[in-house]
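Since the structure comes first, as structure tokens, the remarks are kept for the end.
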Amino acid sequence: MVPDGTAGQGDAAAAAGPTLGGLLSVMGAGALEPYVTPRGLGAVVEGVTVLDPLEPVLPRGQVLLAVGTDPQSAAAVDAVRAAAAADAAAVVFGPGRSGRPPDALRAAAEDAGTAVLLRTAWCGWTELVGALRAGLVLSGVPADPAVAAVMPGDLNGLADAVAVLVGGAVTIEDVESRVLAYSSTKEDVDELRRLTILGRRVPEWRVAAMRETGFFRALWGSGDVIHRPAHGENPERLVVAVRAGGEILGSIWVAAAGGDLPPHASDTLRSAARAAAAHLLHHRSHRTHARLVEDAARALLDGRGSAGVLAEHTGIPEHGHCAVLAVRPGASCKGEETGRLCALLAVRCGAYDLTPVVVPVDRGALVLVGALHRDAERAADQIARLGRSLARQVADAFGPETRIGLGTVAEALADLPESRRSADLALRALLSAGEHRTVAFASEVAETIALNQMLDALAGTVPAPETPVARLVEFDAGQGGGTMVRTLRAYLDHFGHVPDTARALGVHANSLRHRISRLTEVSGLDLRSPDARLLAQLQLRLLERGGPKA
């Protein structure tokens, strides 16, 4: 296999290159863990290569990926010896089939003086290669002076810096034409840029047109800036691909804003693209780690993950009070707004000095919070106050329909599945008809939870035919327009109190009395019978759920 493009720079480059310790520091936790480092972490890393037994000569200074080699096998010992012969910086094994590597592997590594690293179960080989590439660029490639002041990974800061240097409006996009960042500009922007920023991606019709004309083939195949002249209302544009180690990471677009682009714009953009590689890799690396954390949290909450792995990824203590909050935002939160919701939840938890893990789920999010107060009652109070605060903030952003179910306080991370279950039950109760609270623990809505469970049990049953509610449904389908069923539901919900029921329906009390008389005549319902009223209410609740049609 050809080693990564950062390798093979010679002894002089190696002397100033990134060390194994520096590389691991830049990558952060989540992908690799040292198993044995007999000579420390000072080895210089020149590249990343898959260890192939059929490859007779290996480049020096490589991080060798022992893909497909079980660390508990004899082949692993041979891999360590081959790594030592090639003067490798380290050799990486997968997690193996079971348990930790044997003493024979440790002894071989110490004897050879070769560092052995283990890939965590939460990071695949593909993700690991991306993370290692990001680490190599961030550790060993100096920043371009034009954007040296921009912090690694600050793509919006990078876009602003490039915009100032080239004198235009900048967008940074990934290979799927999704907008990663854009510059702020006071000048009027063209409609295409406006649509691209609002949609966070280039409009589909525009992507299709560029694909059809072969523009993307030219962009990804070129190593230089491409000029697109002004056309109609679209100003002139410059675009350049961003690469690292032969891999295409995305592109930088510059649109003229308020005047022509200056003559030096292409040279400046060419220089900026080299510096942008480190930022895009840093962005992707951190996004990969965030995904690992999310996956670890999701697995734990589903009852199939490891509390230790989540604690290692997040720094949340494995033992200590913790809880889960189930969040359902208002109606304005569509699918594309999930990222904004999760960011809002994380920021608000930070305001309470809590480190959360926010996991997006269908139509909402789960918020895992640890390191709560050592006293269980005070920890529950922390969760209640946090829930109320989050409810206000999310409602302001996404609508008053926001509801938050509060999970019970757990003693340790391993107990979080039960906290998640209680949070889900509380949230479902809060979403039930007639429930006006926005935040609650399961214990505070126990009656609604119990009713939901009973209705769940009844949902698959077929009721006896010719019940009073069935007759009302049939009557409404023919000529009532739903009036009779709505009237009975309101009447029962208000305990037969005519003034309250009339107000709820928006009719006069005498009109309501006439309706009640009519519906009892049509259905045969005996409103004096407790059993008849109970059956009617159960069937009406099932109708609300779309269950058996009474």
Side-chain angles (χ1 to χ4, degrees), residues 293-311 313-314 316-329 338 341-342 345-346 349 354-373 376-391 394 401-435 437-460 541 545 547:
V293 170
E294 180 186 316
D295 289 345
R298 192 185 301 277
L300 179 62
L301 294 177
D302 288 344
R304 54 184 176 81
S306 164
V309 169
L310 183 62
H313 284 340
T314 62
I316 297 175
E318 186 174 349
H319 298 283
H321 287 134
C322 49
V324 175
L325 296 82
V327 180
R328 176 71 60 84
T338 301
L341 169 66
C342 293
L345 294 171
C349 289
L354 296 171
T355 303
V357 177
V358 182
V359 180
V361 294
D362 182 38
R363 293 184 291 172
L366 297 173
V367 182
L368 184 163
V369 181
L372 298 174
H373 198 279
E377 290 187 7
R378 295 185 67 175
D381 183 60
Q382 277 183 286
I383 292 299
R385 286 187 286 110
L386 175 62
R388 291 191 293 268
S389 175
L390 292 179
V394 176
E401 307 90 354
T402 295
R403 299 291 184 269
I404 298 182
L406 307 178
T408 54
V409 174
E411 294 286 340
L413 290 182
D415 301 323
L416 280 178
E418 181 58 33
S419 180
R420 185 259 178 95
R421 177 177 175 276
S422 67
D424 284 341
L425 288 173
L427 175 60
R428 186 185 179 198
L430 292 172
L431 294 170
S432 301
E435 180 58 65
R437 281 174 286 194
T438 57
V439 180
F441 286 101
S443 59
E444 297 171 320
V445 286
E447 294 92 340
T448 306
I449 291 174
L451 179 59
N452 283 335
Q453 292 171 334
M454 291 179 185
L455 291 173
D456 288 342
L458 292 172
R541 291 297 182 96
R545 292 169 160 227

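Each residue takes its place number in the sequence, starting with 1.
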Distance, nearest 0.5 Å, that separates [atom1] of [X] from [atom2] of [Y]:
X	Y	atom1	atom2	answer
Leu425	Ile449	CG	CD1	5.0 Å
Arg541	Ser432	CZ	OG	7.5 Å
Thr448	Arg428	OG1	CZ	11.0 Å
Gln382	Leu372	CD	CG	5.0 Å
Arg420	Leu368	CZ	CG	10.5 Å
Asp295	Leu300	CG	CG	12.5 Å

Are [X] and [Y] close enough that some pair of their side-chain heavy atoms sits under 4.5 Å apart?
X	Y	result
Leu366	Arg298	no
Leu430	Val445	yes
Ile316	Leu310	no
Arg328	Val394	no

Any donor-acceptor pair under 3.5 Å from Ser389 side chain to Leu386 backbone: no
Minimal non-hydrogen separation, [X] against [Y], with atom names:
X	Y	value
Arg403	Leu431	CG-CD2, 3.8 Å
Pro356	Val367	CB-CG1, 4.0 Å
Ser422	Ala442	O-CB, 3.8 Å
Gly364	Pro329	CA-CD, 3.7 Å
Leu390	Cys349	CD1-SG, 4.4 Å
Asp424	Ala326	OD1-CB, 3.7 Å

Kindly indicate, with the supporting measurements, whether the criterion side chain to side chain contact (heavy atoms under 4.5 Å, CB included) is fulfilled by Glu444 and Arg437. CA-CA 10 Å; Glu444 297 171 320; Arg437 281 174 286 194; 4.0 Å; yes
Can you tell me which residue among Ser419, Ser306, Cys322 is in a side chain to side chain contact (heavy atoms under 4.5 Å, CB included) with Leu413? Cys322
Is the CZ atom of Arg378 crowded by more than 12 outside heavy atoms at less than 6.0 Å? no
